Every structure is written in C-alpha cells, then in structure tokens.
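A short worksheet on the structure shown next.
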Amino acid sequence: MQNVSPFNFASDDDVEGFEDVERLFSKLEKFTPPADMVARIMGAVVNLPSPQELQKMQDSAPTYAQEGLIVLHNGKEPS
C-alpha cells in the first residue's frame with residue numbers, strides 16, 4: 001500500500017467549523033460490534049462468486065428487448 005500524506009482540507013478560518021462537527025459526533029451513540037462480526041462477514045465473502053464466475057453468469061443471462069416481449073439468450077435464437 002502506498003503511503004500518502006494526508007491532505008489538509010481545512011484552512012485556518014475553517015477550523016472553528018469542525019468544533020460543531022466534533023460536538024455532534026461526541027453525542028452519537030457508541031456502537032460495539034458483535035465479537036464474531038468479522039468472521040461472519042468473511043464467511044459471507046467466501047461464498048460470493050469469483051469475478052470470472054460473475055462474468056460467465058452475466059454473459060449467459062438473458063437480455064430483454066425494449067418492448068419486454070422478446071427474450072434474447074446469447075448465442076441462441078430470440079424467443
């Protein structure tokens with residue numbers, strides 16, 4: 001990963017505007033995720049199709065004409 005120095009978006013005049021934002025965020029409810037959340041997310045990611053499988057699925061998916069009455073299957077006659 002490339003090390004990029006942070007860009008300072010605020011000028012000296014804008015700093016006081018961030019105090020309101022900080023005050024707002026300090027009032028937000030704190031959220032502690034479940035301990036197994038990362039494991040559940042990674043388990044779901046493992047079950048996702050690979051980019052190659054997605055491309056195959058997309059290539060073989062039917063396409064619909066503007067009128068919605070004709071279904072075109074790639075490499076087959078329209079039905």
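Fair warning: this is a prediction, and the values are worked out from it, not measured in the lab. The first residue in the sequence is number 1, and the count goes up from there.
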Inset, instruction - Spell out, yes or no, whether Leu28 and Val21 are grouped together once hydrophobic residues are joined by side-chain heavy atoms under 4.5 Å, including indirect joins. - result: yes

Inset, instruction - Decide whether Val38 and Val46 are clustered together by the hydrophobic rule: side chain heavy atoms of Ile, Leu, Val, Met, Phe, Trp, Tyr closer than 4.5 Å, transitively. - result: no

Legend entry - Within residues 25-39 or reaching into it, pairs that qualify as salt bridge (charged side-chain N to carboxylate O under 4.0 Å, His left out) - sequence neighbours excluded: Asp36-Arg40

